[in-house]
Amino acid sequence: METLWDVALLGAPFTTLTYTLPEGFPHSLWQPGLRVWVPVGRALRPGVLLRPASSSLDPDKLKPLFWPLERAPLLSRDYLEMIEEMAKRVVQDSGAILAAALPAGLRSAKGALVAAGNKRERLSLDALRRLSETERKRWAELWSEGQAEWVLHDSEHRDSLQCFVKQDPPWQVRPQAKRQIAVLDYLWDKGSVNRGRLRHELGNWAGPVLDTLCDKALVEVAAPEECEPDSCSVASGLEDLVLSAEQSRALEGLRHAATQHQAALVHGVTGSGKTVVYAHLAREWLAGGRSVLLLVPEVALARQTLAAVRHFLPGERVYLYHGYQSPKQREKVFTELAGRDEPCVVVGTRSALFLPLRDTGLVVLDEEHAESFKQDERLVYQAKELAFFRVRQSQGFLVLGSATPDLKTFSAAREERLPKVTLQERVGASQLPEIDLVDLREEPPVAGPFAASVHQRLQEVLERGEQAIIMHNRRGYAPLVYCTGCGEVARCPDCEVGLTYHKRRQRLVCHYCGQHKEFPFVCPKCRASQFVPIGEGTELIEEYLSTSLPAGVRVDRLDRDSTRRQGRLEEILAAFSRGESQVLVGTQMLSKGHHFPGVTLAVVVDGDLGLNLPDYRAAERTFQMLVQVAGRAGRGDKPGHVLIQTRDPEHYCWEFVRRGDYEGFFEREAALRQRLSYPPYTKLALVRFSLPTEWEQGAETIREVGRFLRQAGKAAGLRVLGPAPAPLGQLRGRLRYHCLLKGESWQEMRTVYQQVRHRFFRVRQLRIQLDLDPVHMM
DNA sequence: AGCACGCCGACT
DNA sequence: GTCGGCGTGCTC
């Protein structure tokens, strides 16, 4: 009989600890996946039973776990298997993975009470701990028989209310009202947080300040929204389920692939109607009694896709899941799915891969090349890898879809490790747009950031009553400002990068660490306060077009700043798709999957922006983004046109973008990668490490880490490059370095990483992180 | 992350 | 002599 269990802690330090079992509960209760309260130090913490312990610890020295949180395990064995596999791959504790996977409400045990049947007996968690052994046992038996229940603290408490800013800056607040400004700034950065969190982060004074701001209607405090807006007013562009001949062939191809493979690639040009094909396939899998998971890279797309799925699959249970839902909402979806046996559809972003779907049949990863499918802050994981694991585990089928697949994915298809179906035609009357380069060396920008001919073209399009999108991947007003006193550029003191000027907010913002300074700003070098903006961001372009285009033309902006306020994104998209605005200026947010039939012109303000970054994927990324932007033009019945401004018209990327020639680009880029020994021809990992800027032993430690890595790497048959300062050499007051590992085996890389961590474990100033297959080298 | 333990400076 | 500052290290 197993009496020792390994429990993964759901809070820091996330380690797995071993406990004995308490008395009074039926033995059959103890199953993997059961959430429990365990004593850690003198506190109680939530954790998850992983497995009967194999360790040779002395049972007399172990504590008994305290109490189960539920009568049946929330998580299945398959689910735990997935978590543990993931933990192994990213070299982290299972508890850390679980904590990232579970919605907040399920990983934090709120102070709870035990109520007994119909009696009035109530016991707080603390009271329960103080009971005598016999009393505790009696309660355990009562609870086990269903005579007592956990009553979680009600969330109607004021601190659980969500707060969000209701107006875009600039805000009408006296400049002396520092606290009001601090609250507004905080909420603006975070989007929406609950009142408790706000008071915790800023201090208790935030409570009354919040009330003042509510009175001024600058901030709203509301109960977490319980339901998602059901339908989306943005046109989805998907009229019906009738398939073209090409789509039918693709569907047939996928059906066939599913009989002998675990996954397939749908390579379809923008506007070729991939979603309809997915919908058909989804319907078939549902009919077969299996669940369907539909993943898209962004929340806005998830909402659109939800509307389309509901339209196509009426009567099916469809769940939505993404990171911007309220914790309550996510908790509800999570628990409902964990207990659900009938098949259903889930539409969501990357985090939806962690949902406890019982029987995952079909998984669709749309826009599979998108970088948001790999997260790299808290937990480094690749959604594709996890999706693969899930379908393998459940004998399901994974569909990767894109107009511009990840080079790695396409190369797998080329080598016939991954079946591929292709969609080359746009559906309906629309055609792929014509794409032209505008050489800014010959035709320098005269109209704001635009060449004369581009501006001219824009005006013509608007005169005809058509719409245009302007893509520029830089938010804010100006990416740099320099001081007229000393000629220096204003820099972030912690990151050393230039500060971006945001005109509406009257702030200088560091786009890397998020800190901001008020503007006007006093130069730290010469005390002057006159600054001149250099370069242009979306805010400037919006302002420029609003004033230079004929009156009556409405210009809107779509970027992270303009969509911070809740519901703004939908408003902007809806206004554009109803034709109320004619020009939409934005960052790459514009390029993802939106369907605007009225758009006949797309302008890329600076095609070279991403091309010269120190990253082996710079060209791939630029190509993908430009093809996606181009894909927004000419989706209606009028032909589309794309203008790309560049100062480097000879770059090999352009001819392929112009012809919409993915395969050509692939050949060229793949050959380059092979020659330079980059993925997909080798495996790559970064060992990132950072240390405080002000640390005397910094330089010596960097050398030591490098020496150690080179030695350990060599022994493991890896090539080790570096250490080199990371492209963002200083961030948040820390120096950042990395070593690049090249080799054939992920496992060797993990081993080397563990060795270096072990070796420098005691050097507290040093933080070391592993990123297998990094998407960007920053 | 908590929360102890522990070793130095300013007070009754 | 005691209170308390936060550096260091552990939690089954």
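Numbers restart at 1 for each chain; the letters A, B, ... are given by sequence-line order, proteins then strands.
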Between E336(A) and Y319(A), does any side-chain donor sit less than 3.5 Å from a side-chain acceptor? yes

Just checking, is any N or O donor in the side chain of D93(A) or T15(A) under 3.5 Å from an acceptor N or O on the other one? no

Report the distance from atom [atom1] of [X] to atom [atom2] of [N], rounded to the nearest whole Å.
X       : N       : atom1 : atom2 : value
L4(A)   : dC12(C) : CG    : P     : 14 Å
Q765(A) : dG9(C)  : CD    : C1'   : 15 Å
L21(A)  : dC12(C) : CG    : C1'   : 13 Å
L17(A)  : dC12(C) : CG    : C1'   : 5 Å
F14(A)  : dC10(C) : CZ    : C1'   : 16 Å
W5(A)   : dC12(C) : CH2   : C1'   : 16 Å
K63(A)  : dT11(C) : NZ    : C1'   : 7 Å
R51(A)  : dC12(C) : CZ    : P     : 18 Å

Any donor and acceptor pair, going by atom type alone, linking the side chain of [X] with main-chain N or O of [Y] inside 3.5 Å?
X       : Y       : value
R107(A) : L98(A)  : no
S372(A) : P297(A) : yes
Y19(A)  : P39(A)  : yes

Please determine whether a side-chain nitrogen or oxygen atom of R42(A) lies at a distance below 4.0 Å from atom OP1 or OP2 of dA4(B). yes

Report yes if at least one side-chain N or O of K61(A) is closer than 4.0 Å to OP1 or OP2 of dC12(C); otherwise report no.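 It does not, given that no N or O in the side chain of K61(A) lies less than 4.0 Å from OP1 or OP2 of dC12(C).
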
Look for any protein N or O under 3.5 Å of an N or O in nucleotides 6-8 of chain C and output each such pair with its distance, or none.
| unit_1 | atom_1 | unit_2 | atom_2 | d |
| --- | --- | --- | --- | --- |
| dT8(C) | OP2 | R764(A) | NH2 | 2.6 |

Within 45° cone and under 6.0 Å: R71(A) NZ/CZ vs W143(A) ring: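 R71(A) over W143(A) ring: yes.
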
Candidate pair Q747(A) and R750(A), rule side chain to side chain donor-acceptor pair (under 3.5 Å), full reasoning: CA-CA 5 Å; Q747(A) 198 45 51; R750(A) 291 185 189 109; 2.9 Å; yes

Name the nucleic acid region contacted by G11(A), choosing base, sugar-phosphate or nothing; use a 4.0 angstrom heavy-atom cut-off, strictly under.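 No contact at all - G11(A) keeps every heavy atom at 4.0 Å or more from the nucleic acid.
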
